[in-house]
Amino acid sequence: METIKIVLNDIDYVTRNDKPIIRLFGINPETEENVIAVDTTFKPYLYVLPYDFDICLEDLREMGLDDLEVETKIDIGTESEFIKVILTHPQEVPKLRDSIRDLPSVKQIREYDIPFYRRYLIDKQITPTNIIELHGETIDSILYSEELKIDEDVTLFKMMENPIDTHKTNKRNKILSFDIEVYNAEGMPTAENDPIIMMSLCGNNGLKKVLSTKKSDKSFVETLSSEKDMLKRFVEIIKEENPDMLVGYNSDNFDLPYIKKRAEKLNIKLDLGVDGSGIKFMKRGFNNAGVIKGRVHVDLYLLVRRNMRLERYTLERVYEELFDEKKIDVPGDQIYQYWDSDDERLEELFDYSMDDAVTTTMIGDKLTPLTVAQTRLVGQPLFDIARMTTGQMVEWYLMLKAYEKNNIIPNKPDTDEYSQRRKSNKVIGGYVKEPEKGLFEHIAYLDFKSLYPSIIIAQNISPDTITDGENMDESEYYTCPENGYKFLKEPKGFIPSIIGYILDERQRIKKLMKEEKVPEQKRAYDFEQQGLKRLANSMFGAYGYSRFRWYKIECAAAITAWGREYIRNAMKKAEEYDFKPIYADTDGFYATYIGDLNEE
DNA sequence: CAAAGTCGGGG
DNA sequence: GTGTACGACTTTG
């Protein structure tokens, strides 16, 4: 048996002989070779909570389901016995779950909507972007049919044992950005009519290139004889560079769909994927996500939207905000005129095209490290994390922790429940004291560090600790001001215990960061602690987010009610020491000292 | 006043 | 892909 290590970049599954095969895509950090590791042993499953065990087991067997196990899981604080129904193919889950749920002996079904590759990452406790150790053997592409035949320089590896997460970070951090310019004489271009005229590439290793069908003396311009050749060269460079991350700006919605359509129109194969596949699109919310199998495509536009607050999010505006510098600009609607001019304006267009890719790489260098840190915390693929909202990250993080702590995951709300939640999810916000007019001297500012996370822990606010307090002594629970919601003091709730862990972990990382001498590692710790902070701070919002699995509006309301009380009490206390509050908002207030400054 | 509709980025 | 989704803002009924 052989052992190899890979940086885990991507994961999916394919079907062969009606059975699923998990594929881990990675790069061997020593040889820089691409590896596809396959696992043929993992099976999909869901959980059933029965009314009556024996009848239910019998009913399930009658349906032809006989791979059944009994497991004890914690369900919102209470231990229950579940039947684990093991299936052979992931697509059986949506096919069978309705008929399983409808069995009279079935009370509930659980964990029936977790994508197969995500289930794999959670159950095997492996983390994308980490270095993973694999045991098995190198094989020929026997598992693959012709259309999926992989390149000769890709190692195919069959796993014989579970992968081992070494918890080591990828030292390699190669970013390659790309951008295209297209001919646009009639407003917004259409791939049907308008050719690509330039394709720019920029790596954080120094690579700078603009491919084009026109000539220039500029050293970064490479001229190709046709659009067809330009596209082929584009693919060739990406394969040669083999970056850890392929980044674009609005590339999910513009560049990649455009490149794909032009390639189809020109009848050429774009085998950009590590497995030889082309560009695919996945429907994700309101936009499509461009997928290149085995490579991590990150659209920076989404990261910018998530992490910056601006009036507009054009590449130009974002670059200016981050680097305090103007970028080269060519008005979008005039690109075709610059192209047709064949004079110095064409040269300007080459510079503009190059600059777009260069600034994209610079923005990528700034924003992707946090996304990588979040990937390592949440344990889902970088591709997915780059497209998740913070609420979704919290949820997948909790799902991972639920598995570790043997908690069964709550279901997502069905349509009825969801619309009901939407109607009644108004929660009173933080305490706000309108600022007093005037000019003040001797201003003091007090703020609660991570107010809401601290309240969740201090008052043990969790869906599994909420109680009506019946037949209990008052000392056994915390009572929320204003609304009277009650939360058990013991045992520690699922979410408070996880926030506690996150906050402790953050302190640990901050300490490591302070002691660290290597700047690169120091920076990595900084992003990790930022990621932890965001997770902790987003947990409150998640309680009030209608689609959240751990949704509990009472928890959200209790947190803000306690928050208002904390800050009012702090202000009262400050007044006792001659500080007059002049403005307050949610987790802090400003006060002016009105006592005698000469005293003491 | 709530429900329904639009739009972001890209050229 | 064990998917079907955002949020701020404006217009409409």
Side-chain angles (χ1 to χ4, degrees), chain A residues 11-15 20 42-47 85-98 100 109-120 122-123 178-191 193-198 248-259 262 280-291 299-306 309-318 329-339 349 352-353 356 360 384 387-392 395 399 409 411-412 415 418-419 422-423 545-547:
Chain A
I11 174 168
D12 72 354
Y13 83 92
V14 290
T15 304
F42 192 61
K43 288 181 176 176
Y45 61 88
L46 57 83
Y47 287 104
V85 182
I86 300 160
L87 302 163
T88 54
H89 196 279
Q91 287 181 354
E92 285 182 314
V93 180
K95 268 185 205 148
L96 293 173
R97 67 186 173 206
D98 289 336
I100 296 174
I109 55 167
R110 302 291 276 273
E111 303 197 9
Y112 51 77
D113 57 358
I114 297 165
F116 193 53
Y117 69 94
R118 294 196 176 182
R119 179 89 266 180
Y120 189 86
I122 291 170
D123 290 17
F178 66 99
D179 184 54
I180 62 170
E181 310 304 327
V182 311
Y183 197 77
N184 60 339
E186 287 156 80
M188 270 315 278
T190 59
N193 303 311
D194 303 302
I196 298 172
I197 54 181
M198 294 180 187
Y249 198 81
N250 203 28
S251 41
D252 270 346
N253 278 315
F254 183 74
D255 302 67
L256 287 186
Y258 209 97
I259 291 168
R262 286 308 290 176
K280 296 200 174 78
F281 293 93
M282 263 159 98
K283 278 202 184 95
R284 259 164 200 271
F286 61 105
N287 70 277
N288 282 341
V291 181
D299 185 343
L300 292 181
Y301 172 66
L302 302 162
L303 300 192
V304 164
R305 286 305 298 250
R306 196 191 305 147
R309 197 119 210 102
L310 299 173
E311 61 298 334
R312 285 177 69 74
Y313 295 91
T314 59
L315 183 60
E316 194 189 2
R317 179 68 189 90
V318 170
D329 195 33
V330 169
D333 55 357
Q334 289 170 32
I335 285 176
Y336 75 102
Q337 293 168 339
Y338 279 62
W339 174 255
L349 189 60
Y352 166 72
S353 180
D356 270 5
T360 301
D384 294 1
R387 290 165 180 80
M388 273 182 196
T389 62
T390 18
Q392 290 169 318
E395 187 162 273
M399 287 164 80
I409 298 166
N411 289 339
K412 275 195 280 199
T415 324
Y418 174 64
S419 54
R422 289 212 74 152
K423 273 183 239 152
Y545 169 52
S546 314
R547 228 180 286 280

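Reminder, nothing fancy here: chain letters follow the sequence lines and each chain counts from 1. From a predicted model like this one, the values you see are computed outputs, not experimental measurements.
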Ranking A:Arg309 and A:Asp384 by the position along DNA chain C of their nearest nucleotide, the one closer to 5' is A:Asp384

Notebook entry, point to check: When all nucleic acid strands are considered with a 4.0 Å heavy-atom cut-off, which category describes A:Glu111: base, sugar-phosphate, or nothing?
Noted result: base

Worksheet item: Looking for any heavy atom pair under 4.0 Å, which part of the strands does A:Leu46 touch: base, sugar-phosphate only, or nothing?
Response: nothing

The answer to which of A:Tyr301 and A:Met188 contacts DNA chain B further toward the 5' end, by nearest nucleotide, is A:Tyr301

Task: Span that lies between the P atom of C:dT2 and that of B:dG8, in whole angstrom - done: 33 Å

From CZ of A:Arg387 across to C1' of C:dA5 the rounded distance in Å is 14 Å

A:Tyr352 has its side chain closest, among C:dT2, B:dG9, B:dG11, to B:dG11

Rounding to an integer number of angstrom, what distance separates B:dG10 and C:dG3 when you compare their C1' atoms? 26 Å

Can a salt bridge be assigned to the pair A:Arg262 and A:Asp194 using a cut-off of 4.0 Å between side-chain N and carboxylate O? no

### Message
Would you measure the distance from the C1' atom in C:dA8 across to the matching atom in B:dG11 and give it in whole Å?
### Response
25 Å

_Taking any heavy-atom pair under 4.0 Å as a contact, classify A:Arg119: base, sugar-phosphate, or nothing._
base

In whole angstroms, the gap separating C1' of B:dG10 from CE of A:Met198 amounts to 17 Å

Q.
For a quick check of understanding: with a heavy-atom distance under 4.0 Å over all strands, which category does A:Lys43 fall into, base, sugar-phosphate or nothing?
A. nothing

In whole angstroms, the gap separating P of B:dG11 from OH of A:Tyr338 amounts to 14 Å

Regarding the side chain of A:Thr314, the nearest nucleotide among B:dG11, C:dT2, B:dG9 is B:dG9

note: A:Phe254, atom CZ; B:dG8, atom P; distance rounded to Å ~ 15 Å

**Q.** Sugar-phosphate only, base, or nothing, as touched by A:Asp12 at under 4.0 Å among non-hydrogen atoms
**A.** nothing

Out of B:dG10, B:dG11, C:dT2, minimum distance to the side chain of A:Glu181 belongs to B:dG11

Which part of the nucleic acid, if any, lies within contact of A:Ile180, taking any heavy atom under 4.0 Å across all strands shown: a base, the sugar-phosphate backbone alone, or nothing? sugar-phosphate

Give A:Thr389 one of three labels, base, sugar-phosphate or nothing, depending on what nucleic acid heavy atoms sit under 4.0 Å from its own. nothing

note: A:Tyr47, atom OH; C:dT2, atom C1'; distance rounded to Å ~ 14 Å

Same-atom distance (P) from C:dA5 to B:dG5, integer angstrom: 16 Å

Q.
Between A:Gln334 (side chain only) and A:Pro331 (backbone N and O only), is there a donor and an acceptor less than 3.5 Å apart?
A. no

Query - Under 4.0 angstrom between A:Arg312 side-chain N/O and C:dA8 OP1 or OP2 - result: no

> So what does A:Tyr313 hit on the nucleic acid, given a heavy-atom distance under 4.0 Å: a base, only sugar-phosphate, or nothing?
Replying inline: sugar-phosphate

To the nearest angstrom, the CG-P distance between A:Leu302 and C:dG7 comes to 13 Å

What is the ring orientation for A:Phe254 with A:Tyr258, classed by angle as parallel under 30°, tilted 30 to 60°, or perpendicular over 60°?
-> tilted

Winner on side-chain proximity to A:Arg305, out of B:dG8, C:dT2, B:dG10, is B:dG8

A:Arg547 has its side chain closest, among C:dG3, C:dC6, B:dG11, to C:dC6

| task | Look at A:Arg317 together with A:Glu311 and state whether they make a salt bridge at an N to O cut-off of under 4.0 Å. | result | yes

Heavy atoms under 4.0 Å, any strand shown: does A:Tyr336 hit a base, just sugar-phosphate, or nothing?
nothing

Less than 4.0 angstrom from a charged side-chain N to a carboxylate O is my criterion; do A:Arg387 and A:Asp299 meet it? no

Per atom distances to the A:Pro115 side chain, the nearest of B:dG10, C:dG3, C:dT2 is C:dT2

To the nearest angstrom, the OH-C1' distance between A:Tyr249 and B:dG10 comes to 10 Å

Sorted by chain and residue number, the salt bridge (Lys or Arg N to Asp or Glu O under 4.0 Å) partners of A:Asp329 (sequence neighbours excluded) come out as none

Which of B:dG11, C:dT4, C:dT2 is nearest the side chain of A:Lys412? It is C:dT4

Taken to the nearest whole Å, CG/A:Asp329 to P/B:dG9 is 14 Å

Report which part of the nucleic acid A:Pro90 touches: base, sugar-phosphate, or nothing (heavy-atom distance under 4.0 Å, all strands).
base

Sorted by chain and residue number, the side chain to side chain contact (heavy atoms under 4.5 Å, CB included) partners of A:Arg306 (sequence neighbours excluded) come out as A:Leu303, A:Gln374, A:Met393

Check A:Arg97 with A:Glu92, please: is the shortest side-chain N to carboxylate O separation under 4.0 Å? no

At 4.0 Å (heavy atoms only), tell me whether A:Gly187 reaches a base, stays on the sugar-phosphate, or touches nothing. base

Picking from C:dT2, B:dG11, C:dG3, the nucleotide nearest the side-chain atoms of A:Ile335 would be B:dG11

- Task: Pick base, sugar-phosphate or nothing for A:Gln91, based on heavy-atom distances below 4.0 Å to the nucleic acid.
- Result: base

